[in-house]
Amino acid sequence: MRFALRRAAALAGAGLLLAGPALAGCGKSSGSSPAPAGTEPVTLTVNLFGDFDYKPLYEQYKQTHPNITVKENITDYDTHHKNLKQHLTAGAGLADIEVIEIGQIAGFQGQASKFVNFLDQGVDPSTWTDQRVKDASSADGKVLFGLGTDTGGLAMCYRPSLMKKAGLPTDPAALSAQMKTWDDFVNLGKTFQTKIGDRNVHWFDAASNVFNAIVAQAPQGMYDASGNVIADTNPDVKKAWDQTVAAIQAGESAGLAAFTPQWNTGFQKAGFATITCPAWMMSYIKANAPDTKGDWNVATIPGTGGGNWGGSYLTIPRSGKHVQQAIELAKWLAAPEQQTLLFKTKGHFPAAQALWKTDDIINFKDDFFDNAPVGKIFSAAAENIKYQPLGAHAGEFGNAIGNALVSIEQGKATPDAAWQKAVADIKNIAG
Amino acid sequence: MAVLADARPAQRQPAPPGRARVSRWHRLDLTVSPYLYVAPFFVIFGVFGLFPLLYTGYLSLSGWREDQDGSRGTFVGLANYTRLLHDQFFWNALKNTIGIGIISTLPQLMLALGLAHLLNYRLRGRTFFRMSVLVPNVTSVAAVTIIFVQLFGRDYGLINYVLHLFGVSRIDWQAGTWSSWLAISLIVTWRWTGYNALIYLASMQAVPFELYESAALDGAGRWRQFRSITIPMLRPTILFTVIVSTIGALQLFGEPLLFNVSQTPAAGGSQHQFQVMAVYTYQTFLGNGKYGYGSAISWAMFLVIVVIVGINLTLVRRLRGVEGA
């Protein structure tokens with residue numbers, strides 16, 4: 001669910017930002033004195049980035065808990081996490097439930113004590129993979145402060161109609177067979193560009209998305225296992241950079257920076273043939289380009305077949321007024337039934353690992369994606385995710401390199417100059 | 001002194017016997033209440049102006065950063081400021097701020113002067129025109145910028161469409177240094193020209209009509225009158241607007257932030273080409289959680305503003321000395 005921002009939400013967030021400190025206290029939950037979960041009417045606030053498609057679930061929850069009303073506040077990814085950090089430091093302005101994205105979770109490990117410890121609340125950590133648990137735990141592992149909601153195991157979404165036009169296979173298995181490695185992917189893109197013969201159609205949407213996917217499959221990305229920044233020295237990062245730059249230079253990138261209006265238009269107007277695709281991206285595509293139904297399919301991601309992009313945690317700040325009710329709601333939202341439902345109705349793939357083997361998930365096919373066996377594909381993708389050490393600024397480093405790639409796409413910088421700039425940015429953020 | 005006392009006749013009235021208590025209250029009222037009247041401003045300024053200023057100063061000497069536990073309250077002396085001197089991103093931000101500041105402020109003030117001159121004529125529906133120029137200023141920064149971002153859109157923006165009619169190829173306004181500076185300056189100019197025009201207009205109306213009359217008798221045309229009477233008479237006002245606009249330009253924040261349509265609005269473009277000082281402060285302080293260093297940038301920005309306003313003040317004053325002679 002990473003970056004699943006709607007333009008409107010981003011703008012609303014920016015508006016709030018400009019309104020400044022006057023609104024700082026707005027996220028606080030309403031209601032009176034703390035009371036045990038009972039019948040007293042309680043309004044719980046939930047702060048999200050992008051739409052988690054929780055609204056129908058709140059209605060369902062209200063049927064068994066008539067006294068609980070849930071109020072959602074959606075801002076964009078950047079603003080949401082900035083606000084959360086700021087509010088935690090200030091000790092005010094926090095919602096009852098705050099979500100944290102996987103790329104940001106490491107930055108909150110040091111503040112684990114400010115959140116409810118789910119280990120004290122009867123939560124079984126074996127629900128998730130060890131990595132997911134470790135990422136949302138304090139350094140000593142005694143506090144688990146996040147409930148994993150969804151997982152961002154990667155696949156490759158593509159447009160069969162464009163593949164057909166370029167004379168490439170439209171069948172996922174046949175296509176996957178032609179792009180086993182990332183070099184294959186870049187070479188196939190060259191073929192695509194020559195055969196498609198349309199300068200407004202490209203092999204992929206944005207270089208940064210391809211780069212992130214390649215790096216996500218490496219054993220180490222931006223940090224090493226002992227928490228040192230290696231973003232600028234890691235050969236895997238540089239290799240991913242070089243592969244991506246080669247693709248840009250072959251004209252394969254549509255140059256549509258992710259989560260911009262142009263990017264959204266690219267989905268609607270078939271401006272690109274492939275996009276790196278965690279399960280939540282399916283939800284984004286459906287919401288953003290409903291008219292393209294049927295002209296999508298899902299192939300295996302090149303490389304290791306693994307890699308992760310996104311996925312989130314539910315957390316509960318301890319300073320809230322309705323902590324007990326919030327715990328109940330969060331546990332319910334993260335429960336297997338709800339995770340399965342969210343996958344089948346919206347496309348958010350469960351974080352709970354036991355679900356990856358259930359028939360309900362494995363046999364699920366999505367007609368929006370030409371009946372692709374998405375349950376099977378994303379289960380395999382989730383199984384293939386290898387542990388990669390996270391760090392507080394991993395997301396910011398990724399964004400800095402992403403911007404450098406954008407400057408090449410824009411034709412404003414040479415690859416060397418752009419890389420130097422990215423390295424300087426990384427040093428500035430880490431130092 | 002006598003005049004002053006006369007201005008407060010109540011004090012002179014002898015207190016009626018037996019009402020000394022009331023009189024004491026009365027005297028207290030006279031001495032204390034003026035302070036109470038001005039207090040709200042100073043209390044609000046103290047809470048939202050002075051305290052943050054001083055606290056930021058304190059923070060700027062600390063090594064507090066969000067990604068290091070226990071760094072809160074550590075004293076690092078001037079380390080943050082020495083780092084600033086070698087921070088290429090700070091100098092880049094300073095350059096961008098000054099660049100955008102110049103191309104947004106200079107044309108804007110000249111335009112405002114011309115506009116005020118036109119509005120000073122006897123026009124039909126004069127009040128309507130005078131009020132209309134202020135309308136852009138009462139709109140919100142966010143709303144205006146969002147609309148301009150649409151206009152400056154690369155693929156479907158109106159501006160590129162119009163340019164296309166004249167054979168200019170599509171411009172990615174956010175991508176280039178000059179194109180982004182121009183676009184941001186246009187947003188600023190659009191919002192503030194009317195405001196400055198009204199200030200000039202008010203000042204123009206205070207210019208004695210006789211001056212124009214005698215100049216006209218001497219055979220001076222409209223342009224000559226504008227140059228030799230209006231502008232010299234307006235100098236104090238110009239001084240004021242130059243200072244206020246300079247401060248505004250150096251504190252520019254909302255426009256460049258919202259102009260950057262991407263995942264990283266605070267980066268100020270793919271190569272930080274329009275990342276201004278306030279945005280860099282915001283990115284460092286809240287984005288990267290470097291509270292100490294972010295505060296130091298904030299203070300440096302304050303000092304930069306003081307210096308640049310000082311330079312402008314001298315320049316405009318000198319202008320006055322030369323031409324006024």
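Every chain is numbered from 1 and lettered A, B, ... according to where its sequence line falls, protein lines coming before strand lines. Quick caveat, the model's predicted, so the values are computed rather than measured.
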Inter-residue atom distance [X].[atom1] - [Y].[atom2], 0.5 Å rounding:
X: A:N428; Y: B:F90; atom1: CG; atom2: CZ; result: 12.5 Å
X: A:K85; Y: B:Y291; atom1: NZ; atom2: OH; result: 7.5 Å
X: A:K412; Y: B:Q271; atom1: NZ; atom2: CD; result: 9.0 Å
X: A:Q410; Y: B:R154; atom1: CD; atom2: CZ; result: 8.5 Å
X: A:D425; Y: B:H272; atom1: CG; atom2: NE2; result: 3.5 Å
X: A:K269; Y: B:D155; atom1: NZ; atom2: CG; result: 9.0 Å

| task | Check A:T260 against B:S262 and note the closest heavy-atom contact, atom names and distance. | result | CG2-CA, 4.0 Å
| request: Among A:A257, A:A106, A:G110, single out the residue with the greatest number of heavy-atom pairs under 4.5 Å to chain B. | output: A:G110
| request: Count the heavy-atom pairs under 4.5 Å between each of A:G402, A:A424, A:G411, A:G107 and chain B, then report the option with the highest count. | output: A:A424
Which atoms of [X] come close to chain A, meaning under 4.5 Å heavy atom to heavy atom: side chain ones, backbone ones, both, or neither?
X: B:A175; value: both
X: B:N288; value: both
X: B:Q283; value: neither

Portion of [X] that has a non-hydrogen atom of chain B nearer than 4.5 angstrom:
X: A:A392; value: side chain
X: A:Q111; value: side chain
X: A:A418; value: neither

| task | Would you tell me whether B:T264 and A:N403 have side-chain atoms, one donor and one acceptor, within less than 3.5 Å of each other? | result | yes
| note | With chain A, the option among B:Q174, B:R72, B:Q68, B:R83 that has the most non-hydrogen atom pairs under 4.5 Å is B:R83
| task | Return yes if some donor-acceptor pair links the side-chain N/O of B:K290 with the main-chain N/O of A:G431 below 3.5 Å, else return no. | result | yes
| query | In terms of heavy-atom contacts, does CZ of B:R170 have more than 12 from other residues, nucleotides or ligands at under 6.0 Å? | reply | yes
